[in-house]
Number of protein chains: 2
Amino acid sequence: MSRRHTNVSEQVINEACPVTEVLDHVAGKWSIGILVAAALGPVRFTELERSIEGISRRMLTLNLRKLERDGLLVRTVHPTVPPKVEYSLTPMAQELHTYLTGLVDWAQRHRTAIADARASYDTAAAAKSADCQNQQPGR
Amino acid sequence: MSRRHTNVSEQVINEACPVTEVLDHVAGKWSIGILVAAALGPVRFTELERSIEGISRRMLTLNLRKLERDGLLVRTVHPTVPPKVEYSLTPMAQELHTYLTGLVDWAQRHRTAIADARASYDTAAAAKSADCQNQQPGR
DNA sequence: CTGAATCCTTCAGGATACTG
DNA sequence: CAGTATCCTGAAGGATTCAG
């Protein structure tokens with residue numbers, strides 16, 4: 001984020017920047033899914049891989065590393081054979097998780113409203129497009 | 001999102017999917033910035049363009065359209081010359097905004113902790129890497 | 001079982017120029 | 001002022017394979 005000296009009148013930007021930081025940890029297509037899945041307790045690698053359904057092994061690993069790096073996940077290796085690795089949320093991440101559920105809650109409550117809005121927006125756009133066709137008779 | 005019949009034991013996935021939907025509206029690099037900026041009241045196009053600082057005209061337009069389509073923003077065109085267009089949050093989006101601020105708050109509180117975690121993670125990785133070098137003497 | 005490495009495709013997003 | 005159109009690049013992410 002560009003930082004600079006923020007001489008723009010609105011300090012809105014000051015609030016927006018940390019937001020961008022949040023997203024860096026959370027916005028990944030899978031990050032939230034992982035956090036939610038790991039919130040219930042220690043989870044193994046393959047458990048995650050199956051419960052998220054659609055994630056590739058690569059992406060799971062990448063996101064796991066990222067979240068671990070940010071101090072949101074704890075990775076516990078049991079030096080057994082076969083290997084066993086468990087992931088769990090740090091306190092910090094558990095707190096984040098509560099905020100996340102608020103967001104999820106919001107999404108669920110307004111899901112249909114959003115779908116409606118999209119539908120009407122799209123039909124309106126389609127109608128307008130048809131209009132244009134009328135105004136442009138075959139060359 | 002794949003939907004299917006969710007025969008996996010964890011229903012975690014059921015909670016995770018709407019989350020993914022939230023992100024689709026919010027996760028864009030700029031979406032949240034726009035929502036925060038527009039939360040204060042009706043904002044004009046160029047105001048947004050300047051207050052966000054770093055966004056391209058194209059991305060601003062794209063995100064604006066997306067948010068409008070999802071019923072989060074209202075676009076009001078004043079048929080004057082020069083043109084004047086104002087954007088404001090819908091009630092639904094205002095509610096979302098409150099949740100967002102919770103997230104922002106979290107980010108601010110833990111920003112340093114996250115930075116620390118990253119630093120130690122990275123140094124640890126570096127140390128380990130050096131270790132490997134020792135174990136692999138020149139061919 | 002838990003990854004790391006590699007290759008390849010897609011697309012979000014930036015720069016720029018044009019229009020009503 | 002408020003966009004739209006076009007071109008282009010980097011990075012995200014999927015598939016597959018190798019390894020401890």
Side-chain angles (χ1 to χ4, degrees), chain A residues 1-2 16 20 23-34 37-38 42-69 73-88 121 125 128-129 131-132 135-136, chain B residues 1-2 20 23-34 37-38 42-70 73-88 121 125 128-129 131-132 135-136:
Chain A
M1 202 77 342
S2 40
T20 310
L23 292 182
D24 288 346
H25 315 308
V26 158
K29 192 176 171 186
W30 306 108
S31 305
I32 290 190
I34 294 176
V43 184
R44 299 188 54 175
F45 186 88
T46 26
E47 286 183 296
L48 286 171
E49 188 176 7
R50 274 178 311 214
S51 70
I52 294 188
E53 177 106 21
I55 194 171
S56 65
R57 194 165 287 169
R58 180 182 129 93
M59 277 301 106
L60 180 55
T61 303
L62 255 48
N63 280 281
L64 249 22
R65 289 289 171 277
K66 182 181 171 186
L67 294 172
E68 186 194 354
R69 188 173 105 104
L73 280 186
V74 181
R75 179 169 176 267
T76 313
V77 182
H78 303 268
T80 62
V81 46
K84 177 177 176 180
V85 182
E86 285 182 328
Y87 296 89
S88 53
Y121 184 94
K128 200 166 181 182
S129 179
D131 250 30
C132 288
Q135 313 224 333
Q136 292 181 1
Chain B
M1 205 71 349
S2 41
T20 310
L23 292 182
D24 288 346
H25 317 308
V26 159
K29 192 176 170 186
W30 305 108
S31 306
I32 289 189
I34 294 176
V43 184
R44 300 187 53 173
F45 187 87
T46 26
E47 286 183 297
L48 286 172
E49 189 176 7
R50 274 179 311 214
S51 69
I52 293 188
E53 178 105 21
I55 193 170
S56 65
R57 195 163 286 170
R58 180 182 129 93
M59 276 301 106
L60 180 55
T61 303
L62 255 47
N63 280 282
L64 249 23
R65 291 287 172 280
K66 182 182 172 186
L67 294 172
E68 187 194 353
R69 188 173 104 103
D70 288 345
L73 280 185
V74 181
R75 180 171 176 266
T76 314
V77 182
H78 302 268
T80 62
V81 44
K84 179 177 179 181
V85 181
E86 285 182 328
Y87 295 88
S88 53
Y121 183 94
K128 200 165 181 182
S129 178
D131 249 29
C132 288
Q135 312 226 334
Q136 291 182 0

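Letters go in sequence order (proteins before strands), and every chain restarts at 1.
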Open item on the list: Which residues pass the side-chain hydrogen bond (donor to acceptor under 3.5 Å, both in side chains) test with R75(B), not counting sequence neighbours?
Closed with: Y87(B)
- [ ] Taking all non-hydrogen atoms of both residues into account, name the closest pair between A37(B) and V43(B) and its distance.
- [x] O-CG2, 3.6 Å
TODO: Sugar-phosphate means primed atoms, P, OP1 and OP2; the rest is base. With that split, encode nucleotides 5-20 of chain D 5' to 3' as B, S or - using protein heavy atoms under 4.0 Å.
DONE: -B------BBB----B
- [ ] Please tell me which of R44(B) and T61(B) maps to the more 5' nucleotide of DNA chain D, matching each residue to the nucleotide holding its nearest heavy atom.
- [x] R44(B)
Task: For the student: nearest non-hydrogen atoms of A38(A) and L73(A), plus distance - done: CB-CD2, 4.2 Å
- [ ] May I ask you to verify if any side-chain N or O of R75(B) is less than 4.0 angstrom from the OP1 or OP2 atom of dG3(D)?
- [x] yes
Open item on the list: Could you tell me how far apart L60(B) (CG) and dG3(D) (C1') are, to the nearest whole angstrom?
Closed with: 10 Å
Open item on the list: Students should find this one: the first and last nucleotides of DNA chain C, 5' to 3', lying under 4.0 Å from a heavy atom of chain B. What are they?
Closed with: dG13(C) to dG20(C)
- [ ] Only counting residues at least two apart or in another chain, list the ones meeting side-chain hydrogen bond (donor to acceptor under 3.5 Å, both in side chains) with R58(B).
- [x] none
- [ ] Identify the two heavy atoms, one from S88(A) and one from P42(A), that lie closest to each other, and give their separation to 0.1 Å.
- [x] CB-CA, 4.1 Å
Task: Nearest heavy atoms of S31(B) and L67(B), plus distance in Å - done: O-CD1, 4.1 Å
Open item on the list: Let's go through T61(A) and F45(A) carefully: what are the C-alpha distance in whole Å and the side-chain angles of both, what is the deciding distance for side chain to side chain contact (heavy atoms under 4.5 Å, CB included) to 0.1 Å, and is it a yes or a no?
Closed with: CA-CA 9 Å; T61(A) 303; F45(A) 186 88; 3.6 Å; yes
Open item on the list: Among residues at least two apart in sequence or on other chains, which ones pass salt bridge (charged side-chain N to carboxylate O under 4.0 Å, His left out) with E86(A)?
Closed with: none
Open item on the list: Can you measure H78(B) atom NE2 to dA2(D) atom P for me and round it to whole angstrom units?
Closed with: 10 Å
- [ ] Report the residues that fulfil side-chain hydrogen bond (donor to acceptor under 3.5 Å, both in side chains) with R44(B), sequence neighbours left out, ordered by chain and then residue number.
- [x] none
Open item on the list: My understanding is that only residues two or more places apart in sequence, or in another chain, count here; which of them pass side-chain hydrogen bond (donor to acceptor under 3.5 Å, both in side chains) with E68(A)?
Closed with: none
Task: Net bend of the helix from dC1(C)-dG20(D) to dG20(C)-dC1(D), end axes of five pairs each, nearest 10 degrees - done: 40°
